[in-house]
Amino acid sequence: MSYNKKTVKDVDVKGKKVLLRCDFNVPQDKQTGEITDDKRIVAALPTIQYLLGQNAAVIACSHLGKPKEGPDPKFSLAPVAKRLGELLGQEVIMAADVVGPDAMAKAAALQPGQIMLLENTRFEKGETKNDPELARKMASMAQVYVSDAFGSVHRAHASTAGVADYLPAVSGFLIAKELEVMGGALANPKRPLVAILGGAKVSSKIGVINNLLDIADTIIVGGGMAYTFVKAMGGTVGTSLLEADWLDYCKEMMAKAKEKNVRLLLPVDTLCAAEFSADAKPELVDTMHIPDDRMGMDIGPKTIALFSDAVKDAGTVIWNGPMGVFEFPAFAEGTRAIARALAQTDAITIVGGGDSAAAVAQLGFADQMTYISTGGGASLYLLEGKALPGVACLLDK
Ligand code: AMP
């Protein structure tokens, strides 16, 4: 898949109507509906401000949550319009529907330099089905389509991909940056490329491991997913997370690493506990010999040294998934130490979205990484080498 896509700077948007797909899927207080974290709205500002600066008329759209039965005020984007208006210092005209009479009339009347927001795209059942009729109606409001919702590009929906059949389609600054950094690191990495994988399950990262074995020089496996590898090597893992159905797969991956000459590093020591609890007393054991009544919760000091050493001389490090149960302070050191190692290396350091991004932020290392991806699912798709429909539909440079 080509990551070399036209951006909003490669097309003329002056005075034009622009349909802009954003990721305004913000967390809200269940009772009051108040936005509890506006990071995603703030992240969309550079592209919006650029478009308004070009005197474009911006028709923004996004999904919010998962409304199942059509329009539902609980999932209205009205609070986002209000917050976006405060951040921009100008009115954001809120439409009452997505492609209904209100949206159509407001879009038709929209003037250069003005911005409006369509209602939640998932109020239309055709959105998740990528219905061409819905896509055509959305596209009919504008002359150019700009996609800046990286968190949604792995979905082929009407507003994330379908509209590109009807309009010249380019990326906004957020997607451009993701493609430049993540896409660049995968397509043409500064070597050695070290991938650090962690998190709970092997099964959720199968595609990632398989794809990275074709690209990386070193793969480090930590977190709960390491124990299925340990078991596959003949170790005992006690009550640790284990996916017995994936033992053969782990063996296959170890064989592939050997064949491809990729260094595969696994934990050598483990902090374990008698139960899955924040108060559990950490006990240090050899990873290959975890006692029957103990579960692995974090990597130990020898493993920290081994993994940190592998990061030191890397050209690029891609990290996805915590090294242990970092939510419990007693088992956060492994993840913290790896974050520190990334902060200290001269390598390009890229953190995949989701839990790893949360861990890096919670442990205070966010500003010391080269880049933190904004899309959990989408960045996993990239690491798996899968085509992203919301990127594939954009014009090539
Ligand atoms: P994922 O969403 O697959 O990246 O998994 C992230 C979750 O994995 C975090 O909530 C961690 O607490 C959890 N995790 C990491 N290591 C372990 C472990 N050794 N045992 C259980 N859970 C773990």
Side-chain angles (χ1 to χ4, degrees), residues 151 154 195-212 219-232 235-246 249-250 253 265-304 307 318-339 342 350-363 372-384:
H154 55 310
I196 308 177
L197 302 174
K201 292 180 171 177
V202 179
S203 56
S204 64
K205 308 249 163 97
I206 314 158
V208 176
I209 302 171
N210 195 25
N211 185 45
L212 288 178
I219 295 188
I220 293 174
V221 176
M225 64 190 274
Y227 306 113
T228 306
F229 278 92
V230 171
K231 179 87 178 173
T236 57
V237 299
T239 55
S240 306
L241 273 181
L242 174 70
E243 290 179 286
D245 290 351
W246 293 97
Y249 178 79
C250 289
M253 290 304 105
L265 296 179
L266 288 156
V268 290
D269 57 351
T270 291
L271 276 189
C272 62
E275 81 253 330
F276 189 83
S277 143
D279 307 321
K281 191 165 108 12
E283 297 166 43
L284 187 62
V285 299
D286 175 344
T287 303
M288 291 298 280
H289 304 283
I290 299 175
D292 286 349
D293 57 353
R294 293 289 185 270
M295 64 177 71
M297 301 280 276
D298 194 11
I299 54 175
K302 275 193 207 146
T303 308
I304 290 177
F307 289 2
I318 299 179
W319 182 19
N320 189 294
M323 295 291 100
V325 187
F326 74 96
E327 296 91 339
F328 300 160
F331 302 101
E333 188 49 34
T335 303
R336 182 181 296 114
I338 296 305
L342 260 68
I350 303 169
V351 181
D355 269 315
S356 355
V360 166
Q362 186 187 314
L363 300 169
I372 299 180
S373 174
T374 53
S379 60
L380 270 185
Y381 267 53
L382 262 186
L383 295 177
E384 286 173 8

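Remember, it's 1-based here, ligands and their atoms both numbered in the order they're listed. Only this structure's heavy atoms are used, side chains among them; waters, hydrogens and symmetry mates stay out.
Separation of atoms CD (Gln362) and CZ (Phe326) is listed at 5.0 Å; rounding is to 0.5 Å. Interatomic distance, Ser379 OG to Glu384 CD, rounded to the nearest 0.5 Å: 10.0 Å.
Looking at Arg294 and Glu283, a side-chain N of the basic residue comes within less than 4.0 Å of a carboxylate O on the acidic one, giving a salt bridge.
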**Study point:** Step-by-step side-chain hydrogen bond (donor to acceptor under 3.5 Å, both in side chains) determination, Thr303 to Asp269
**Key:** CA-CA 6 Å; Thr303 308; Asp269 57 351; 2.4 Å; yes
Exercise for review: In sequence, state the C-alpha distance, the side-chain angles, and the governing distance for Glu243 and Thr228, and then conclude on side-chain hydrogen bond (donor to acceptor under 3.5 Å, both in side chains).
Suggested key: CA-CA 6 Å; Glu243 290 179 286; Thr228 306; 4.7 Å; no
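The heavy atom nearest to atom 14 (N) of ligand 1, out of those in Gly324, Gly198, Gly352, Ala226, is found in Gly324. With distances taken over non-hydrogen atoms, the option nearest atom 1 (P) of ligand 1 out of Thr270, Thr335, Val325, Asp355 is Asp355.
Between Asn320 and ligand 1, not a single N/O pair is under 3.5 Å apart. Polar contact with ligand 1: absent for Leu241 (N/O pair, distance under 3.5 Å). Inclusion of Asp298 in the set of residues having an N or O under 3.5 Å from an N or O of ligand 1 is not warranted. Among the atoms of Gly321, none of the N or O lies under 3.5 angstrom from an N or O of ligand 1. Looking at ligand 1, you'll find an N or O of Gly296 within less than 3.5 Å of one of its N or O atoms.
Among Asp355, Val351, Leu197, the one residue that satisfies the side chain to side chain contact (heavy atoms under 4.5 Å, CB included) test with Asn320 is Leu197.
At the top of the distance list for atom 16 (N) of ligand 1, counting protein heavy atoms only, stands Gly224 N, 3.1 Å. Scanning the protein heavy atoms around atom 10 (O) of ligand 1, the nearest turns out to be Glu327 OE2, 2.5 Å. Among protein heavy atoms, the minimum distance from atom 3 (O) of ligand 1 is reached at Ala200 N, 3.2 Å.
Residues Ile196 and Phe307 are not in side-chain contact: their nearest non-hydrogen atoms beyond the backbone lie 4.5 Å or more apart.
The minimum heavy-atom distance between Leu241 and Tyr227, with the atom names listed, is O-CB, 3.3 Å.
Contacts between Met295 and ligand 1, counted as non-hydrogen atom pairs separated by less than 4.0 Å, are absent for every part of the residue.
By the 4.0 Å heavy-atom criterion, Lys205 is counted among the residues contacting ligand 1. The shortest heavy-atom distance from Phe328 to ligand 1 is not under 4.0 Å.
Within 6.0 Å of atom CG in Asp292, 12 or fewer heavy atoms from other residues, nucleotides or ligands are found, so the atom counts as exposed in its surroundings.
A donor-acceptor pair is defined here as one N or O able to donate and one able to accept, closer than 3.5 Å; no such pair exists between the side chain of Thr236 and the backbone of Gly238.
Set against the non-hydrogen atoms of Tyr227, the atoms of ligand 1 under 4.0 Å away are 19 (N). Atoms of ligand 1 lying under 4.0 Å from at least one heavy atom of Gly199, given by number and element, are 1 (P), 3 (O), 4 (O), 5 (O), 6 (C), 8 (O). Annotation for ligand 1: atoms under 4.0 Å from non-hydrogen atoms of Met297 are 19 (N).
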